[in-house]
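Below: one structure, written as structure tokens.
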Amino acid sequence: MHSIKTGKTKIGKNFPTYIIAEIGINHNGNLKTALELIDAAVSAGCNAVKFQKRTPDHCVPEDQKKIMRDTPWGRMTYLAYREKVEFGFKEYVEINSYCKKRGITWFASCWDKASVDFMEQFNPIFYKIASASLTDDNLLKYINKMNRLTILSTGMSTIEEIKHAITLLDQKRLLISHTTSSYTDRPEELNLRMIKTLQKMFDSPIGYSGHEEGLTPTIAAVTLGASFLERHITLDRTMWGSDQRISLEPAELKRLVQKIHIIEKALGDGVKHLYDSEKETMLKLRKYRPAT
């Protein structure tokens with residue numbers, strides 16, 4: 001498995017886990033909230049934050065555009081709601097500047113070509129292809145032309161669909177994320193051993209994007225060799241929005257990063273050592289010892 005280099009950081013086997021905090025649309029169209037979520041990711045020790053970028057008129061199916069929906073801003077069409085929570089150029093200029101100031105990478109999952117063109121203005125390190133877009137050949141080819149590092153999420157997909165998608169992308173720049181797209185994911189459907197399966201199938205860093213409650217499965221993904229992780233974050237799970245309930249609040253995010261670093265140390269190198277810290281115990285407890 002080859003590694004991927006981004007700046008001074010390498011992502012791959014035997015490197016520290018690259019941790020992505022997904023803000024997505026949990027900011028609810030509020031820039032102040034977005035900046036507070038960036039602060040939470042920095043405070044926790046994450047490597048990057050990720051947003052979602054859509055052109056609503058392109059992405060919302062025609063039969064859903066005029067469906068009425070109750071929102072915190074009143075009753076409006078689904079299309080109007082999607083436009084309400086979408087950041088534009090002004091907001092992303094501020095986000096770009098703030099992330100540089102805080103020293104954290106930011107990028108977005110783009111759901112259409114116009115969104116890719118929009119993001120190119122900010123020279124992103126990554127593009128993320130959402131699981132919902134895995135079968136959109138035209139979008140995958142378009143993203144591939146940008147010559148950026150690309151994360152492919154594999155939820156709601158068959159192995160055949162994943163293999164086909166990968167043929168459209170430059171594997172030298174590709175990271176593959178195992179995920180289940182149930183929202184909220186049930187433990188019996190997380191199938192974390194797919195991390196090992198994907199490692200055997202593809203010569204790319206394999207990661208995990210979790211939509212489960214709690215921290216345990218995400219931590220387990222590290223022990224199975226996930227090179228990078230992604231979890232949604234929120235300021236408060238009771239906030240309005242479809243992704244809030246499967247998101248980590250700031251204190252949980254910080255706890256997750258701390259536990260990951262402990263596990264990375266505990267996993268070791270797989271070579272048997274006799275540690276100096278064991279020798280005093282050996283002298284006390286072992287009756288038969290090799291002569292020195």
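Here the structure is a predicted model, which means the values were calculated and not measured.
Taking the side chain as every heavy atom from C-beta outward, Y142 and D117 approach each other to under 4.5 Å.
Ring planes of F122 and Y92: tilted class, angle from 30 to 60°.
By the side-chain contact (heavy atoms from CB on, under 4.5 Å) test, T6 pairs with T9, I11, Y18, I125, F126, L149, sequence neighbours left out. V257 is linked by a side-chain contact (heavy atoms from CB on, under 4.5 Å) to I19, A44, C46, H261, counting only residues two or more places apart in sequence or in another chain. For K265, there are no salt bridge (Lys or Arg N to Asp or Glu O under 4.0 Å) partners two or more places apart in sequence or in a different chain. Listed by chain and number, the residues in a ring-ring contact (aromatic ring centres under 6.0 Å, His included) with Y78 are Y81 (sequence neighbours excluded). Residues forming a side-chain contact (heavy atoms from CB on, under 4.5 Å) with R237 (at least two apart in sequence, or on another chain): T234, E249, E252. Every residue two or more places apart in sequence or in another chain that forms a salt bridge (Lys or Arg N to Asp or Glu O under 4.0 Å) with E22 is listed here: K50. R102 meets the salt bridge (Lys or Arg N to Asp or Glu O under 4.0 Å) test with D39; sequence neighbours excluded. For E91, there are no salt bridge (Lys or Arg N to Asp or Glu O under 4.0 Å) partners two or more places apart in sequence or in a different chain.
Here salt bridge (charged side-chain N to carboxylate O under 4.0 Å, His left out) pairs that include residues 204-215, with residues two or more places apart or in two chains, are E212-R231. Screening residues 148-160 for salt bridge (charged side-chain N to carboxylate O under 4.0 Å, His left out), with sequence neighbours left out, gives E120-R148. Each salt bridge (charged side-chain N to carboxylate O under 4.0 Å, His left out) pair with one or both residues in residues 161-175, not counting sequence neighbours, appears once here: D170-R173.
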Determine, stepwise, if the pair N96 / W106 fulfils side chain to side chain donor-acceptor pair (under 3.5 Å).
CA-CA 7 Å; N96 185 50; W106 77 276; 2.9 Å; yes
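A salt bridge links K284 to E280: at least one charged side-chain nitrogen sits closer than 4.0 Å to a carboxylate oxygen.
In the hydrophobic clustering, V271 connects to no other residue, as no ILVMFWY side-chain heavy atoms lie under 4.5 Å from its own.
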